[in-house]
Amino acid sequence: MNNMSAFELSEQEIQRRESLNKLREMGINPYPADLYPVTDYATVIKDKFEEGKQVCLAGRMMSQRDMGKASFAELQDSSGRIQLYFNRDEICPGEDKTMYNQVFKKLLDLGDFIGVKGYMFTTKVGETSVHVQEFTLLSKSLKPLPLPKTDAEGRIHDAFTDPEMRYRQRYADLVVNPHVKEIFIKRTKLFTAMRQFFNDAGYMEVETPVLQSIPGGAAARPFMTHHNALDIPLYMRIANELYLKRLIVGGFDGVYEFSKNFRNEGMDRTHNPEFTAMEIYISYKDYNWMMEFTERLLEHCAVEVNGSPESTFGEHTINFKAPYKRVTMRQSIIDFTGFDIGGKSEEELFNAAKGMGIAVDNTMGKGKLIDEIFGEKCEGNYIQPTFITDYPKEMSPLCKEHRDNPELTERFELMVCGKEVANAYSELNDPIDQRERFEEQVRLAEKGDDEAGQFIDYDFLRSLEYGMPPTSGLGIGMDRLIMYLTNNPSIQEVLFFPQMRPEVHTVKIELSDNEKVIFDIIQKEKSMDLNALKMQAGLSGKQWDVSIKGLTKQNLVKVAKINEELIVDLV
RNA sequence: GAUUCCGUAGCUCAGCUGGUAGAGCAAUACACUUUUAAUGUAUGGGCCCUGGGUUCGAAUCCCAGCGGGAUCACCA
């Protein structure tokens, strides 16, 4: 559906345009340029009520209750809503009552931005309100908002709920659904809290390239683009890890970045093609230190966002209060399956997984098999924040080998509600080992493992050769974290503008009768010789000329000259 | 990608086994000087997602498409 075309204005849209014109005729500019001297905000003056206090505020008029010579309206600004009281003889003290009778009562529509000056008072019924002495139209709204109504018990009626329209028209969603705005305020609070925590610890926020010639740091299908001047392919980053590590090589102690990453993969309730990860790298630390840092960080963030370390997600109450339980992957698999992966061969793991009813195939190595068992049997059980540690080496090409066991890595993931929200390593800084791991990934990719990385970033290896201090790194899926902190099971609810299929605008075009005749023929044939079409249409030379030009102009057909013959094609 | 549900007025939704389209809110007009889902009276507003098919007749039944939701699969 679309309302983009001027041909299809609804009745209400036409009425609003007429009001707009009337206002102009009365000398009222519906889109004035001058600033409006706002001094107050709706909820602030409601919370700190002072009888008779002069106020000046601005916002959208969201409801109007006319009672003849007096009226009530509601003003919604960025802070919330407040009731306005309009009295005819105070708005219009003289003989001329136009401002009240015409402008306020007739020509203003719900959704219009107005500015009001007046004083605070309480109505008979006890509602704190602004007694308006003067109002100004600040901006006219030409399209009716999908406005719900709220009753005395606070129940919302006819709420604007259609997810498609809410996501496509987030601006309208934000105006009429205050709880939606709340989600995004919390989202920003989360980012602020995290920044503050890192900055207080002395770490530095940095920016690294979004356009990369080698998309490294993760295994995912990248978006490709092209740089014209250099005439080279470029990729949108899938991760920023390798660039942050280069900065650690360069001598920064701690660097972090909120990284918009892009992955050209499927979309669903928890995946959007562009999403935000936070990555931080801190030198001279290991993953044990990072676990302690992470739990303090998340407790801090939860408190800043929700005022409490506890957060509700669906049927669960998640407690982000540190410390979190730590379980090795080996122990976790023992806990939930009774099977001990320690020291087992690939064949034994293969058979064990098969015995658990897990779909296995021959391309799977040890690491992949263990990961499948964990993903299938264990992962979903961790509701409260839990660190799962010591992942198999094969799955972690950027992570340092475990100090006690060469088959494992010093890696942890933080599980919340059965999903990964953070991932951290003692970072691999041995350039020779790193090169071998990359080469192993390329072999796996060639074998058909589409999760393995296919590119080797030789510049990154060069930087490691100069020497990277022992470093621990942490990555957090910001979208997923804010989903948990705002009780939203869908990523679309925590992104202002989630990816959608583009809207199709079927433009309705009025064709003349003659144009229709031609169009009907060409629509069947798709493409035909111009003279044959002219004959079939049976129009006079002049009628033909006007009609075919009309169709070409409306971009419905195209006339092309091929080998001295004129061909008409359907567009 | 698979399965399934949905698409009707600005919004939220009815519309039965096919018979010329309905409500509430919103809108327009009138009345009303402290209402608050204000109220009362009257009025207007629809490519019923698109395209085919069946039928004397389709919002309704069938097929295809488009868009969206949910579940599953995939996603270090």
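Within every chain, numbering begins at 1; the chains are lettered A, B, ... in the order of the sequence lines, protein sequences first and strands thereafter. Predicted, not measured: the structure shown is a model, and the values here were computed from it.
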Quickly work out the [X] [atom1] to [N] [atom2] distance and round it to whole Å.
{"X": "A:Ile156", "N": "B:C13", "atom1": "CD1", "atom2": "C1'", "result": "17 Å"}
{"X": "A:Leu142", "N": "B:G10", "atom1": "CG", "atom2": "C1'", "result": "14 Å"}
{"X": "A:Leu110", "N": "B:A38", "atom1": "CG", "atom2": "P", "result": "10 Å"}
{"X": "A:Leu9", "N": "B:A9", "atom1": "CG", "atom2": "P", "result": "17 Å"}
{"X": "A:Leu145", "N": "B:A27", "atom1": "CG", "atom2": "P", "result": "12 Å"}
{"X": "A:Glu376", "N": "B:C74", "atom1": "CD", "atom2": "C1'", "result": "13 Å"}
{"X": "A:Met267", "N": "B:G67", "atom1": "CE", "atom2": "C1'", "result": "13 Å"}
{"X": "A:Asp162", "N": "B:G69", "atom1": "CG", "atom2": "P", "result": "9 Å"}

By nearest atom, which of the nucleotides [options] is closest to the [X] side chain?
{"X": "A:Arg269", "options": "B:G68, B:A70, B:G10", "value": "B:A70"}
{"X": "A:Ser490", "options": "B:A70, B:C11, B:G68", "value": "B:A70"}
{"X": "A:Thr161", "options": "B:C75, B:U28, B:C13", "value": "B:C13"}
{"X": "A:Gln15", "options": "B:U28, B:G69, B:A76", "value": "B:U28"}

Once you apply the 3.5 Å cut-off to both distances, tell me the Watson-Crick or G-U wobble partner of [N], or none.
{"N": "B:A27", "result": "B:U43"}
{"N": "B:U54", "result": "none"}
{"N": "B:C48", "result": "none"}
{"N": "B:U60", "result": "none"}
{"N": "B:G1", "result": "B:C72"}
{"N": "B:A21", "result": "none"}
{"N": "B:C16", "result": "none"}

Heavy-atom donor-acceptor pair, [X] side-chain to [N] base, under 3.5 Å:
{"X": "A:Asp268", "N": "B:C75", "result": "no"}
{"X": "A:Glu164", "N": "B:G68", "result": "no"}
{"X": "A:Glu11", "N": "B:A27", "result": "no"}

Ignoring backbone atoms, test whether A:Arg168 places a side-chain nitrogen or oxygen under 4.0 Å from the OP1 or OP2 oxygen of B:G68.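 The answer is yes; a side-chain N or O of A:Arg168 sits under 4.0 Å from OP1 or OP2.
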Residue-phosphate contact under 4.0 Å: A:Arg501 side-chain N/O, B:C66 OP1/OP2: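 Negative; the distance criterion is not met.
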What nucleic acid atoms does [X] come within less than 4.0 Å of, heavy atoms only: base, sugar-phosphate, or nothing?
{"X": "A:Arg221", "answer": "nothing"}
{"X": "A:Arg411", "answer": "sugar-phosphate"}
{"X": "A:Gln492", "answer": "sugar-phosphate"}

Take atom [atom1] in [N] and the same atom in [M], then report the distance between them in whole Å.
{"N": "B:G44", "M": "B:A21", "atom1": "C1'", "answer": "15 Å"}
{"N": "B:G57", "M": "B:G19", "atom1": "C1'", "answer": "7 Å"}
{"N": "B:C11", "M": "B:G46", "atom1": "C1'", "answer": "15 Å"}
{"N": "B:U39", "M": "B:C32", "atom1": "C1'", "answer": "9 Å"}
{"N": "B:U43", "M": "B:A37", "atom1": "P", "answer": "27 Å"}
{"N": "B:U17", "M": "B:C61", "atom1": "P", "answer": "8 Å"}
{"N": "B:A2", "M": "B:G15", "atom1": "P", "answer": "31 Å"}

Under 3.5 Å side-chain donor-acceptor pair for A:Ser71 and A:Asp66: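 A:Ser71 vs A:Asp66: donor-acceptor pair found between side chains.
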Taking A:Ser332 for its side chain and A:Cys378 for its backbone only, find out whether a donor-acceptor pair lies under 3.5 Å. no
Are the side chain of A:Arg437 and the backbone N or O of A:Ser396 linked by a donor-acceptor pair below 3.5 Å?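 Pair found, side chain donor or acceptor close to backbone of A:Ser396.
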Is it the case that the ring center of A:Tyr167 lies less than 6.0 angstrom away from the ring center of A:Phe497?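 Centroid separation for A:Phe497 and A:Tyr167: 6.0 Å or greater.
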Only counting residues at least two apart or in another chain, list the ones meeting ring pair (Phe, Tyr, Trp, His ring centres under 6.0 Å) with [X].
{"X": "A:Phe313", "value": "A:Tyr484"}
{"X": "A:Tyr85", "value": "A:Phe72, A:Phe121, A:His131"}
{"X": "A:Phe104", "value": "A:Phe86, A:Tyr100, A:Phe135"}
{"X": "A:Tyr382", "value": "A:Phe336"}

Should A:Leu145 and A:Leu110 count as side-chain neighbours, where that means a heavy-atom distance under 4.5 Å?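 Not in contact.
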Not counting sequence neighbours, list each pair that qualifies as a salt bridge (Lys or Arg N to Asp or Glu O under 4.0 Å) and has a residue in residues 119-135 of chain A.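 Qualifying pairs: none.
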Does the protein touch nucleotides 31-37 of chain B at the base, only the backbone, or not at all? Give it as B, S and - per nucleotide, heavy atoms under 4.0 Å. -BBBBBB
